[in-house]
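All remarks here apply to the structure that follows.
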Amino acid sequence: MNRAILIFCLLSAAHSAPGQAFFLDFSAQAGINNPGKNYGLAFGDFDNDGLEDIYVSRHSQPNLLYRALGNGQFADVAPQAGLAHLGTTTMSVWGDIDNDGDLDLYLGNRDEPNILYRNNGDGTFTDISASAGVNSGHRTRAVLFGDVDRDGFIDLYVANISATNYLYRNNGDNTFTNIVEEAGAQDYGVAMGSLFFDYDNDGDPDLYLTHDANQPNILYQNDGAGHFTDVSAAANANFAGQGMGVDFGDLNNDGYLDLYITNLYPNALLLNNGDGTFSNITAMAGVGDPGMGWGTVWLDYDNDGWQDIYMANDSYFSPDPNILYRNRGNLTFEEVSQNSPLASMYGGYGAGSADLNTDGRPDIFLANSGNDGNQLFLNQVNNSNKWARIKLTGTSSNRSAIGARVRLEAGGKSQIDEVCAGSGYATQNSFTLHFGLGQAEIISLIEIRWPGGLVETFQNLEPNRTYRITEGEGVVVSQHSPKAAGRAEFRLYPSPFRDRLDIQVEMEEGGQMVLSITDINGREAARLAQGYYPAGTHNFEWAPGAAPAGLYLARLLSPSGTQAVRVVFSR
């Protein structure tokens, strides 16, 4: 059958089956279907080009760094970047350890010491594991970044199998100190997936550890200064099974984060009661898949304002498919992945989500072992539901904004999510938070609680945009969906500059454009362009003259949205 006809038939079938999710297996076209023992994945924009890159952890073959080329396509640049480690890496995590504006990378290995790579800012990385003091071993099964003491530098938690865990405090000088015993976060169990999340809504990251071998899971409550207390039994969070992965999401939009735990035998869904306790509602919710569960991720795949669950099975160990559970909005779920590529029967381990082609629909990536290739499922769900994507940058808080809480109100719903570095099993999801808005015509509120304690609010914003928000600047930079209009991009050079700033604007389609320079308080210093401009490249310049030195924003308003770039004027 002709490929175009086949795709048309699949689309027609998907649209004629209510409740079914349609995703396109784009693995081969994307260039990511490398076979081998692929275990984990981590999303992170390592080169700051605005596109999600993916690091894949593997055993017995070099690890992979898929650099995004756009339109859902990737190229492996791990050898050039110095990240093609050959060993037994099971998982990895991105985070800006030195707050210099680019993402560094930590690897959790099984048979060799763990590795910390510092991003050099030019597409290459340097191994600083030994000098940083984080080259521990002991068959690592989870690596997490989180600012446990909220000092503005991300700390590192390393969970190991039947050996001491580590909590490395970031000293702020590219070195770390193991404080796990004094912090009270020690554990010698059979560690599996773990995560930092704020379960009690007090503004600091708490810690959840899953265990294999029927050992009870552990919930550690943070006192706000990086000291932890085991509250597992009192919170009814001490689920015991063959636990593997865990991720958080607010399934009923009540403002408290719930937990989904994958397992050999039935998985578990723990509902946060909002009073410091959890209730196991797995059977009622209908999400107790009995297979060999590993990776899991919450995502609103259909943008209806309710978070759904995707989970991966090792289908060779137990012959059960991967499952996408759709949230009905009444504490129950329905399976919607039957007869779709999502029901993969490979050896699924890491499972993560990000909007890889920036079309406003979250996609799914799978790291498959058993010599299967990795898989990329592009979300093709066709409805009129709206969405918003939020990318945060910290200033006094850690630069990656790990631990920041976002609350969004739209269409009568209030939703929350947190920026997290390490979750599921051997997975890191996107730093960009995605919210489905249903049919809401306006976002009435975005509230951000930064890790350092600052709370900022923004009101009456448009849907179907990506909002880039920097802590303390009071500025929302937005960008339309690329489906709404042709892209408009602009570049500034040099920065910092002394006498003249050159600005180049590229427009895919003609349209009205306003280009202005404002100071950090929003006062306009210059208007460089206003009116209709045809498609193509347009060059402008700004000579500040007697304007005071300092930080300015170049703002571009075009058919593809509003963008702003900071620039420093120095004398």
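When reading the values below, keep in mind they use all heavy atoms of this one structure, side chains included, and skip hydrogens, waters and symmetry mates.
The aromatic rings of Y260 and Y325 sit perpendicular, their planes meeting at an angle over 60°, well past the 30° parallel limit. Using a 30° and 60° split on the angle between ring planes, F197 and F248 fall in the parallel class, below 30°.
Sparse packing is recorded around CZ of F317, with 12 or fewer heavy atoms of other residues, nucleotides or ligands lying under 6.0 Å away. Atom OH of Y199 is surrounded by more than 12 heavy atoms from other residues, nucleotides or ligands within 6.0 Å. Dense packing is recorded around CZ of R328, with more than 12 heavy atoms of other residues, nucleotides or ligands lying under 6.0 Å away.
By the salt bridge (Lys or Arg N to Asp or Glu O under 4.0 Å) test, D47 is found to be paired with R67, residues two or more places apart in sequence or in another chain being considered. Shown here are the side chain to side chain donor-acceptor pair (under 3.5 Å) partners of D53, two or more places apart in sequence or in another chain: there are none. Considering only residues two or more places apart in sequence or on other chains, Y117 meets the side chain to side chain donor-acceptor pair (under 3.5 Å) condition with none of them. With sequence neighbours left out, the ring-ring contact (aromatic ring centres under 6.0 Å, His included) criterion links Y166 to Y168. Listed by chain and residue number, R326 satisfy the side chain to side chain donor-acceptor pair (under 3.5 Å) test with D302 (two or more places apart in sequence, or in another chain).
The side chain to side chain contact (heavy atoms under 4.5 Å, CB included) with D289 is formed by just one residue from the set I309, T262, N267; it is N267.
Across all non-hydrogen atoms, the minimal contact from D314 to G347 is OD1-CA, 3.6 Å. Scanning both residues, L64 and D76, for their nearest heavy atoms gives CD2-OD2, 3.4 Å. Shown here for D320 and N313, the closest heavy-atom pair between the two residues is O-CB, 3.4 Å.
Side-chain N or O atoms of D206 include none that pairs as donor or acceptor with a backbone N or O of D198 at under 3.5 Å.
Separation of atoms CE (M91) and CD (Q428) is listed at 12.5 Å; rounding is to 0.5 Å. The CG atom of L251 sits 8.5 Å away from the CH2 atom of W306 when rounded to the nearest 0.5 Å. Summarising the geometry, atom CG belonging to N109 is positioned 5.5 Å from atom CG belonging to L107; distances are rounded to the nearest 0.5 Å.
Residue pairs meeting the side-chain hydrogen bond (donor to acceptor under 3.5 Å, both in side chains) criterion with at least one member in residues 32-44, sequence neighbours excluded: N34-Y66, N38-N374.
There is a side-chain donor-acceptor pair under 3.5 Å between N303 and H434. One side chain, N63 or T89, offers a donor N or O that lies under 3.5 Å from an acceptor on the other. Side chains of N429 and S353: no donor on one and acceptor on the other come within 3.5 Å.
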